[in-house]
Structures are given as C-alpha cells and as structure tokens.
Amino acid sequence: MANSQAVIDRKDLDALFTLLTEEGYQVIGPRAEDGAILYAPVSGPDDLPRGMGDEEEGGHYRLSNRNDAQLFGHTKAVQGLKAHLYPARQKLWSAEKAGHGFRVVKDSSPQPRYAFIGVRACELAAMVIQDKVFEGGPYTDKGYAERRKNSFIAVVTCNHAGNACFCASQKTGPDVSEGFDLKLAEILDGSRHVFLAEAGSEKGRAVLERLPKQVAEEGDKNAAAAQIDAAAKGQKRAMIAGVADLLAANLESPHWEDVAKRCMSCGNCTMVCPTCFCSTVEDTTDLSGLKAERSRKWDSCFSIDYSYIHGGSVRNTGASRYRQWMTHKLSHWVKQFGHSGCVGCGRCIIWCPVGIDITAEAKAIGKGA
Amino acid sequence: MNVAMQAQADPMDIRPFRIEKIRKELADSFTMELVPEGGGSFSFKPGQFNMLYTFGAGEVPISISGDPSDTSKIVHTIRRVGAVTQAIGNLSEGMAVGIRGPFGKPWPVEEAFGSDLVILAGGLGLAPLRPAIYMALANRHRFGKVVLLYGSRSPSEILFPKELEKWRGRFDTKVRVTVDRAEPGWGGHVGVVTKLVKGAGFDPMHTVAFVCGPEIMMRYGIQALEGAGIDRSGIYVSMERNMKCGIGLCGHCQWGAPFVCKDGPVFRFDEVADAFTVREL
Amino acid sequence: MVQVDNLGRILEEHPFAEGLDQALKDVMIGCAANERFEAGQFLFREGGDAKKFYLIRSGVVAVEVHAPGRPPLMVETVGDGGVLGWSWLVPPHKWAFDARAQTLVRALSFDATCLTRKMESDPALGYQVMKRFVPVMAHRLHAARMQMFDLYGPAKKG
C-alpha cells in the first residue's frame, strides 16, 4: 500500500511526544546541551533546539543562531544513535565465588524502548549497517537486536547540507525511502509551520492515525522535495567513486605515512562514527576478590592494545592504525557486509582535532599521493 | 549448524568447567583437561578454539589440543605469556574455569581424505594441530602418506615428545623432528623446520598440507611446501590475532577483510596469501 | 666399468642428479667414490683441506663446532638426499666445520681436484656445476638466517 502523507501543525506536535510516551517509549531527540546538539531524552517540542544551527568544518564545530522557529534547523547531532542502541559501556554479567568455582549471574534487565525523533538519513543508514554487523551473521548481539526491534524511528529529513556532509556520494541520503516508522519534513513558511508526515511501517501508521492532522497539499510535498534537493546539492564534499578497490590496491601507499604525520591516534573518529562497532571486554573483581564482573565497552582500532597478541601489537605505527580504520570503513567492510561502512555524515572530519578529511585522503591515495 | 550455537543460547554466555587434570609440558606451558561442571559433553572440530575465562582475570582464546572423538572433556595446551594465561596457570585441579566455544573454522581433515597429508608444525603450533593428527590417524586408511614435520627451538622444548615418539613408531606415518639448537645427547636433526620438507616423500600433486606455528615459520614453511610442488590451494594455515569476542562482533581480530575468529583461524593459503605480505595488517 | 655403472646408478638415485645433463653426470662419476661412515666417525675436520664434497645417500651427518669447556655445538644436520661441503669451491679450500656421522652414513664423495680440473678446462661444465651449487649454498644461508630468528620463543617485548 502506498504511504499516504499528511500534514501536522507545529502546535500539534506535542501530541506525537505524548502518544509515544503513552506507548511506553522513552523519547530521544536532539537537544542543545553543553554547546552542542546531542541526542538525549526529550519530553516535548520545547526541549528541541529551536532556532539553533550548527557550523561544521574539519576540526571545527559551533552552535549558531538561526533566528527562526525551526526545531530541526541544525544538520546533525554530535553523535548518531549508536550510543543508545549499542551503549558505550554495558555490563554483561557478574560472577561470585562459590566453593572451588564461581556462579555467573547474567544481567537480564529488560532493554529500553526508545523512540528516536529527528533521525537523519545518514543516521538511519548507519543503523541499517550496524544491523548487518550485529544481526546479519551467524552470531547475533542479542541486546542490540532487542533494542533495535523495540525502537520507533521518526526521521526528520534534512533541509540543508552541513559543510562536512557527503551522504549523496555514499548514496545514504539525504532522502530516506525505507527503514523508518515515521518520516517528517519540517516546513516553515512565514507564519505557517507544519510537518509533512509519512508512515513507513505499521507502527508508524498506527501512530500517525491518532495524530491531529490535515491533508497534505501539493505545495507541502513540493517544498519537502525542494529541501531534499537543496540538501543534496549543497554538499561540498564527496567520496570518490571506486574507493573500495582503490584502497584495497594501495595498502602500502606512502600516503599512509603522510596521514600518520598528522593523525594523533586519538580515536575520536571511531567514537563519533555512527557505524564503528569495535568493542572490548573488561573483567574486574571487587576488593574482596569474591565478586567479578564483565563489561563490554567501545574500543578503537587506534589504540595500541587493540591489536595486541602475546609479545606485542600487530599495528605499532600510526600509519598502520589509520590504514586499518580507513580501509576497514571504506573497503574491507564491503567484503564483510556487502556495502561500505561509511554513511557520509562527516563526523570523523568535524571531530578530528587536526581536521583529517577522509574524502581528501581517499582522493590523495587515488592520485598516487 | 555450529556446535556452539546448539550448546549455548548466547555465545557470550560462559559455561563452567572443572579442571580435572593439569600436566606440565614445557618450562612455560602446561596442558589442562576440563570436564563440564554438572555433566554434559563437548564436541569440537580440529583447529577450533575456545575463549577461556578465569575468575576476575579475564578471557583468552586458546586452541583445543585434545582428541575430537572424545566428547567427555576439553584439552587445552597453554603457554604462560600474559596476565590471563598466568592466572590460569596458577589454578589447581578441582578449580573452575569458564568456557565459550568452540569457535572458528576447522582444519579440513575430511576434505583431505584420499590425499597425502603433510602436517608442518613449529613450536607450540603443534597443539592446535594435534586434534587433526588424532583424527587423521583414526582415519589412517583414508589417506595416502601421512607426514608430520615438526620444528622446535631445542630438544627440551619439543612439545608432546612421547606422542611424537609413538607416532614415529607407526609404520604408516613418517615423523621428522628438527631443532634449531641442539643439546648434548640430541641425535636427531638440527636446522630449521623448512629443511624437513625436501625428501619427505609425499606426492605434491595429491597432497594437502596443514601449517601452524609462529607467523614467520609459516611463511617460510609455505615457501618450502610450494617449492616442493604443492599448490597453494592445498595448503592451510592457522592464524593468530587478538580476539575478544570470538564471534566476529568486536572487530579486534581483523586481518584485512577476514575476521580471524569466524572466517579463520584456519585459512586456505591461496585466499590469504596477499595478506601475509602486508606489514602490520 | 662395473664400478662406474654402479656409481652411476647411485648418483641417479640422489635428488642432486635430478635434471642434470648426461655429460656432467659422466664427468662427476669419473671423480666419484662410494663411502661409508660409522656413527661417530668424522667425514672431515675444521681446518682440514677441503678436497671433496658429499652427496648423502642415507644417515645423518652433524655439522659441528667445538669449543673448550663445552660440548660441541651442532650447527645443523645434513640427512638423506642432502649435499655436504662447499669449501672445495671457495678459497682457501679449508673445511670451516667438523662433519661427524651421527648414524651410519652412506655417501657418494667427489674428488674436488679431479672435478675442478675438468671444470677449468670446460667452463660450460664448470657453469653447470656452479648452477647446482649456488642454490645449495643459498638455501643453507637462508636456513641459517632463519635459525637466528629464534622463531619459536615468545616475541621479546619492547
């Protein structure tokens, strides 16, 4: 059945939050906090970053004032929704000494039910990529799978591009055609402030049905399409075509050394990347030595310990660690999971302290550096 | 279907095992026999590994060194090299460890039926190959020649010396052992393990080779096997990389595109030959 | 002639002879002798004149260095199908190590003076011999380098 569109007035947007909360969801949306847009719990439209914009560049990020009433006038939050679906630190189980052995108590607290509001195309694409990682192989991460299944996704499409954006070249945005429950486009025209809404799932249809709405006019549809067009055309960066094969053929390019001279191996790029999934486990005991705990936490391929095998680390040089990250993301990922691991959000560019630009590095390798 | 998935609902859950027997092997290594706490059995294929947990200290990947036809226990041969293996080495019989596994792709023993079988091992690399040797000898009539070539640093560092002697005593199996540094009283070969390949008496056109040992030893061992005429598609290697989850979800063991834990640790050489030549991959 | 026929057959059985042209084989047989060493017997001693080389037919020869106050250091062993000795090709033609039979050893030995004379007078034949020996020497050097790696120990930290 074709997805029918409707228009929700700005002043009726409260109802969406109320409805989702009633359905048992914890609503997560963009908030201006600590000088940045973050995904955090929101109780209604008043918590959203009204009139806020964001400046982004290599190694640069600032909030700005748009001087308008848009609720989603920013480009993207500092981090995608990875931290909610795959928490940075998670207890797996605890154990207690018992006789000569020990007894394991599994952490069985129920997984949260999140409703994400304001999800961008690149962020949704990142979720689909992580689905394949955590649920697409012979082994499944059960916690992720449950959180993901529980979640409600309300996309808000982009109406402009950030300076670091390159989703169009990665074919992950700016439009969204599937994978959402609800898709909204924010339209602000003078005093008229509405959301063009479309359901993408049964869950979404059930919610949309219960919201106060009007029939979508042709003008609203055209306005939403124009926004997406502007977001695509406004992108200043692009990933070069054929990068997967290019990198695979250049594992020993001298350019890796060139990047290593700038790269600080801080791992920021891996933390803000919405698809990076590497983790490690940490086993600890309390002071009595009678209780032990295992946690899983995010790890980064930029750390020396990451590749440690007895005797030493496989990747000792910064060049080899940057190569690992970039080739995994853009090349090996394709062999592992059938598509690129990069959604073109540009966060790795923004949050790199020295502004290393993955699109520029790919080009440099293409030129034979 | 993977054995681990039958036995364990969640591959991250650990299963408690009791240490039934500990045997010292070399100065820095030992073998443990583990039985499931509260009964049950354990099946695996030669070349697979377990994640072995000791209370509070953590978890390490350890290959299984026992007989795959014996499902009553797990046998692990472990070298004390890091904090976790030290902690495991300090445990005594009767104490418990946690097991996740078995994980990984096995040595293709059955696929090698009908061919000559060459097993080329170096140092502790004999441990992950021992289950394949047990299985090959239990199916001896299904192979042409069976040749075991083993290299060790010195005579006192030869792993499983009694079994090597026993296998050498079989008329249907050729066992050649060499050491890099001889000690007084050593009457065997001296020199690198690759030298054993020449004249080992297999038919290179119909041979499958399993190679396990330190990475440099494997690289040169493969050169010698290829030099003897074995095609690279008939050579299998077992790789080692950092593993935290064992199931391809944590990322640590990536070696180019393959995850060593789930796409390996046993690889057909022609499929990974390029990766061997890239530094720090 | 019976003697030469026998030696010819023995040479044929050795991997060294694989692919060797008949002219060279004939020359080699003319300089060859069949030898046997009991376990413990020396084939040659360090510093001695290197007037031969050996193709080992069976048994194991230990190449050793001795030093006062410690047991002889066994550098490597040469077994069935191996080639022992190249000092005959390298001035000043003195053996660099001791070679001791570790088991009963059967070998073909080749008289270096006899062979060198023929190689000098027929450089094409000399080149054939060198083409056979250079790989033997290269493999031995490669193996010696690998022995230096200490392949099997835990990697040294730092």
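Chain letters run A, B, ... following the sequence lines, proteins first and then strands; every chain starts at 1.
A salt bridge links A:Glu361 with A:Arg262: at least one charged nitrogen is closer than 4.0 Å to a carboxylate oxygen. Contact check on B:Arg241 versus B:Glu215 returns a salt bridge, with a Lys/Arg side-chain nitrogen under 4.0 Å from an Asp/Glu carboxylate oxygen. Comment: A:Lys106 engages B:Asp10 in a salt bridge, judged by a side-chain N to carboxylate O separation of less than 4.0 angstrom. Using a cutoff of 4.0 Å between basic side-chain nitrogens and carboxylate oxygens, A:Lys149 and A:Asp131 are not scored as salt-bridged.
By the neighbour-count criterion of 12 heavy atoms within 6.0 Å, atom CD of A:Glu135 is densely surrounded, having more than that number from other residues, nucleotides or ligands. The 12-atom threshold is not exceeded at CD of B:Glu110, counting heavy atoms of other residues, nucleotides or ligands nearer than 6.0 Å.
Neither the backbone nor the side chain of B:Thr54 comes within contact range of chain A, judged by heavy atoms closer than 4.5 Å. Within the 4.5 angstrom heavy-atom criterion, no atom of A:Arg103 approaches chain B. For chain A, no part of B:Leu91 is nearby; none of its heavy atoms comes within less than 4.5 Å. For chain B, the nearby part of A:Lys291 is the backbone; its heavy atoms alone come within less than 4.5 Å. Heavy atoms closer than 4.5 Å to chain A are found in both the backbone and the side chain of B:Glu59. With a 4.5 angstrom heavy-atom cutoff, A:Thr317 touches chain B via backbone and side-chain atoms both. Of the two parts of A:Leu247, neither the backbone nor the side chain holds a non-hydrogen atom closer than 4.5 Å to a non-hydrogen atom of chain B.
Taking A:Val281, A:Thr280, A:Val104, A:Thr285 one by one and counting their heavy-atom pairs under 4.5 Å with chain B, the maximum is reached by A:Thr280. In terms of heavy-atom pairs under 4.5 angstrom with chain A, the leader among B:Met243, B:Arg279, B:Arg18, B:Glu37 is B:Arg279. Per-residue counts of heavy-atom pairs under 4.5 Å with chain A were compared for B:Met95, B:Glu240, B:Gln254, B:Lys244; the largest is that of B:Gln254. Top candidate by heavy-atom pairs under 4.5 Å with chain A, chosen from B:Cys245, B:Gly251, B:Gly248, B:Cys250, is B:Cys250. Counting heavy-atom pairs closer than 4.5 Å to chain A, the top residue among B:Asp263, B:Leu249, B:Asn242 is B:Asn242. Between chain B and the residues A:Gln324, A:Lys335, A:Arg323, the largest count of heavy-atom pairs under 4.5 Å involves A:Arg323.
If you look at A:Phe134 and A:Tyr86, their ring centroids are closer than 6.0 Å.
For the pairing with B:Ile78, the side-chain contact (heavy atoms from CB on, under 4.5 Å) check across B:Asp28, B:Leu52, B:Leu124, B:Val60 returns one residue only, B:Leu52. Residue A:Glu282 forms a salt bridge (Lys or Arg N to Asp or Glu O under 4.0 Å) with just one option from A:Arg294, A:Lys91, A:Arg89, A:Arg296, and that option is A:Arg89.
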